[in-house]
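Everything below concerns the one structure shown next.
Naming: A, B, ... by sequence-line order, numbering from 1 per chain.
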Amino acid sequence: MEKVLEVRWHARGGQGAKTAALMLAESIAEMGKYVQGFPEYGPERMGAPILAFNRISDNPIHIHSNVINPQIVIVLDATLLGPKVTAGVPDDGIYIVNTTKTPQQVREILKITGGKIYTVDANQISLDTIGRVIPNTPLMGAFVKATQLIPYEEFMENMKAELTKKFKKKPEVIEGNLKAIERAYQEVKGE
Amino acid sequence: MATLKELSKFEERFVGGHRLCAGCGHGISVRMVLNAAEDYNVVVGCATGCLEVASTIYPYTAWNCSFIHSAFENAGATISGVEAAYKSLKRQGKIDKDFKFVAFGGDGGTYDIGFQSLSGAMERGHNMVYVCLDNEAYMNTGIQRSSATPMGADTTTSPAGKVIPGKQQPRKDLTAIMAAHNIPYAAQTSISNWQDVHKKAKKAFDVEGPAFLNILSPCPRGWRYNTPDIVELTKIAVETRFWPLYEVENGKWKLNYKPKKYVPIEEFLKPQGRFRHLFAPGNEHVIKAIQEEIDNRWLALLSRCGEPQELPAK
Amino acid sequence: MKNKVAITGNEAVAQAMKQINPDVVAAYPITPQTEVVQIFSSFVSNGQVDTEFVTVESEHSAMSATIGASAAGARAMTATSSQGLALMFEMVYIASSLRLPIVFPVVNRALSGPINIHCDHSDAMGIKDAGVIQLFCENAQEAYDNMIQAVRIAEHPDVLLPVSVNLDGFITSHALDVLEVLDDETVKNFVGTYQPEEYLLDAENPVTMGTLDLYDFYFEHKRQQVAAMEAAKKVIEEVGREYEAISGRKYGLIDAYKLDDADMAVVVLNSAAGSAKGVVDELREKGLKVGVLKPRVFRPFPFEAIQDALKGVKAVAVLDRAETFSTLGGPMFADVRTALYDLKNDIKVVNYVYGLGGRDLRLEDVEKVYDDLANIIKTGRADKFVNYLGLRE
Amino acid sequence: MTPFNRNFGQGKRTKAVRPDMNWEEITKAGNVYEPGNANTYETGDWRTIRPVWNKDRCIHCLICWRYCPDASIIATDGKFDSFDYKHCKGCGICANVCPVHAIDMFSEDEMDRQKEAKRNEE
């Protein structure tokens, strides 16, 4: 990885985009890479469209400005698909979308020809594995698959450690989340 | 109750050489309160005001104990920091001596600008005594009205003029407000009754948790009375029920003194220059309003204290 | 032992506070500092620190209680942002004049009004003349490192002054970053135990603090504060060297980035310095002689170090994330320009006010500044001293 | 720059601060390390009337001690001992609260005149 890889998350307040951006960053940091994870803070409360960002690099990251040209875009809520999602993304950008639609359908909605599009039904996966609709964790599995940035096994190990730290007293939550990531990793479709 | 013979043997913590006015009530009040701390180590906190500026003119201090002043509106917060440090250092074994903590503030630093800081400190439950030396106006800056200034008083910001006869509003009932904090001990006292001050100060030092004392502490300059008459004047304040003596201990209200007969408020107002204009023709209604306010508050106090609600016999 | 972690700036500050284990913390929550107080209170409730935590009712009381605790002999801290710092303004002056070694993080945020919760430095600049040492942090790592060093700087017998540790609201405070933390024992040994010379809880030696100090001595006491600030420069460097020995990270008064042979320099505080460094790396690849000067210490103002670092440049742009409304640009501009005035070389110094209310400083903005500087060198003239960067005009 | 003096108000707890001391010599931050040193500052010259003790009438109840704002009534072993005229400001409260009129207030002018007259006689 020569340059800094930049990621933008699109979600609605309450869907856990900030948490996901920070957890993703933590897991990647565990592998010795340098990361940043930060949300855009506004007055928005639950339900409003929000953004969160990651920077990933093999070297220390100096830059602190907002991410404007992300190579990777993650969309937690398919109702957000639109021009804001494609804004600033290079032609070879990667889109990871939580939806029941196919990548081709998403491509039509986004009106793009280049790039790669991945879709996964993270809502259903989280409902099956965690018992609630929290699409943020499964999307990390899709991220790992789509970007091939980090080896799957190592990521899962780090994730397990992270989750164990956070939910010491709730082993079922850890289990569910790991399962969700695993299923998304397997079920994500790309084109 | 200790005798004066015994009390005079404790070390003096507020020594002569301070520069309060001759006959200032604060000198008397502070000496009485600190005397009740007996042999304990004491840290005094003080709000900006007459007491502070007159007692710590660098390089002198009238305080024969540890003392800190930081600003006007924060005696409660400052001394709660000291008390927190004490708790922490004691718990960690970094110090071993026992201490008592007391903060002094005037009515400006307590009723008004320092009220939030005081309320916060009381709510947090610090083990401290907060003493308000109430002289009923901002004396340090030259006698401006405070929320403790009684109705009708002539001050430099509520001057008795041709249209407005002095301060328009009755005073804030701070002691009751402090009692409403449900602290272990809140009391109102007057230097006219030294036993009462001593007893209450001692209780305040002894209780675990925050305690509040409100002491009527006259200012000869602001009140314009004959300076040597301070004790008589504060006594009339109690007899007229202008300044009732009461205490609230763990939520229980107790009246400490009930005047035998109805003494009209004029007796308290007359000796004081700040109320002189009220006795000019045309201002009778102000005195009447003051009296009504006093009688109403007295009846409410009696009710809180579980006493029969009746005014003293005229 | 070093330990690499991925945490936010606020978590880094709270982590440092936990390892410092102060005797008293008195603080009030305010965005974007809130997390510091929240995280620290969980350390208290879980018994991970010996701290007495005073949940004051305002920032004014936060600093007042911290002053009381510090005067009493405790190692005491508070933390705040923006309006909170403005509310404690009065007490900041009193903390420094009472010579109390209080350490307090300031998570920088714009001052109202209109109300805005995002980063700029108008809060910190409000207390630049309060006699407080001000350290600035580019990222979470520096926030963590500066917190630990701040304790030693503040408590040094030659100094005895409050130290504020500034980090950019949201940009640093809420962003997850990778940093190295020291182990508890190393921090504990580094900060040592606070042993005040005089304190209220010294039963054998009662002391009066906060006297009325009139025209006969007040001036002399102010002169003492200046001397303490002067002494702080040396102490900050000493402590920095000691800290390097345990952490491997260098800390001085300023951070000079690629300035040795530079013709053009940008002077900028906090996280924006990181972005400027990124731009410098790119411009260097194109062969431009550019550099960045990031004051780590803003008060005392390290003018000797700045003179030394900038003596060879031809043009300097000072980036201020605060306005003074003086019509002469931002606060740091005045200081840097004054520092360079006596150098014989005719260095052109211009000012850019940027990022007010959290407006993002984009890399193109920084590139534009270097473009402007190149142009100034070429023409030998700077037409405008005060400029606005990233403003719609 | 002259080397910084580490000792000001620091290593040595400067006790007596004198007006002629320079900034390096006075105590740090305006701290006062001598508790109660205000008693070296005399306020006795504020007085225009002077309390005088009538030993015969005194019952040593110490009410006067209790009410003196300036701690200027010296009680020894629980008994009235003397007035501290160095600090007494002559407010007259002690004379007023005395239940047996054992304290009389005299004008300082009058006292001076009497002393003068006495000296002249001798």
Exercise for review: Could you tell me the separation between the CG atom of C:D50 and the NZ atom of B:K94, rounded to the nearest 0.5 Å?
Suggested key: 7.0 Å
Point to revise | Segment of C:Q195 engaging chain B (4.5 angstrom heavy-atom cut-off) | key: neither
**Study point:** Gap between atom OH of C:Y194 and atom CG of B:L89 - 0.5 Å precision
**Key:** 10.5 Å
Study note, to complete from the structure: Comparing B:E83, B:H69, B:K97, B:E52 against chain C, the one with the most heavy-atom pairs below 4.5 Å turns out to be B:H69
Review point. Is a side-chain donor-acceptor pair under 3.5 Å present for B:T61 with C:T208?
Key: yes
Review point. Under a 4.5 Å heavy-atom cutoff, which of C:T66, C:T193, C:D213 has the most pairs with chain B?
Key: C:D213
Review point. So which part of B:Y40 gets closer than 4.5 Å to some heavy atom of chain C, the side chain, the backbone, both or neither?
Key: neither
Revision key, fill the gap. Here the pair of heavy atoms bringing B:A84 nearest to C:V54 is CB-CG2, 3.5 Å
Check your understanding: Minimum heavy-atom separation for C:G68 to B:I68, with atom names?
Key -> CA-CD1, 4.5 Å
Study note, to complete from the structure: Answer key: most heavy-atom pairs under 4.5 Å with chain B among C:G73, C:S64, C:A72, C:S58 is C:S64
Check your understanding: When heavy-atom pairs shorter than 4.5 Å are enumerated against chain C, which of B:A85, B:S66, B:C46 gives the highest number?
Key -> B:S66
Exercise for review: Answer yes or no: does atom CZ of C:R223 have more than 12 heavy-atom neighbours from other residues, nucleotides or ligands under 6.0 Å?
Suggested key: yes
**Study point:** C:M91 side, atom CE; B:E73 side, atom CD - distance, nearest 0.5 Å
**Key:** 7.0 Å
Check your understanding: What distance separates C:L200 CG from B:Y86 OH, expressed to the nearest 0.5 Å?
Key -> 13.5 Å
Study note, to complete from the structure: Cut-off 4.5 Å, heavy atoms of chain C, and the answer for B:I57 is both
Review point. For chain C, which residues of residues 108-134 of chain B have at least one non-hydrogen atom nearer than 4.5 Å to it?
Key: B:Q116, B:S117, B:G120, B:R124, B:H126
Practice item. Count the heavy atoms belonging to other residues, nucleotides or ligands that lie under 6.0 Å from CZ of B:F10, then report whether that count exceeds 12. Key: yes
**Study point:** Pairs of heavy atoms under 4.5 Å with chain C: top-ranked of B:S80, B:A71, B:S55
**Key:** B:A71
Point to revise | Contacting moiety of C:S70, where chain B heavy atoms sit under 4.5 Å | key: neither
Exercise for review: Check the pair C:L201 / B:F99 against side-chain contact (heavy atoms from CB on, under 4.5 Å), numbers first and verdict last.
Suggested key: CA-CA 8 Å; C:L201 296 174; B:F99 275 88; 3.9 Å; yes
Check your understanding: Is atom NZ of C:K222 surrounded by more than 12 heavy atoms (other residues, nucleotides or ligands) closer than 6.0 Å?
Key -> yes
Revision key, fill the gap. Chain C shares the most heavy-atom pairs under 4.5 Å, among B:I79, B:N64, B:V53, with B:V53
Review point. What is the distance from atom OH of B:Y58 to atom CD of C:E220, rounded to the nearest 0.5 Å?
Key: 9.0 Å
Check your understanding: Has the side chain of B:S88 got a donor or acceptor atom that lies under 3.5 Å from a matching backbone atom of C:D23?
Key -> yes
Study note, to complete from the structure: Whatever's closer than 4.5 Å to a heavy atom in chain B on C:A26 counts as neither
Practice item. For residues B:R91 and C:E52, determine if any side-chain heavy atom of one lies less than 4.5 Å from a side-chain heavy atom of the other. Key: yes
Study note, to complete from the structure: Among residues 10-18 of chain C, those lying within the under-4.5 Å heavy-atom range of chain B are none
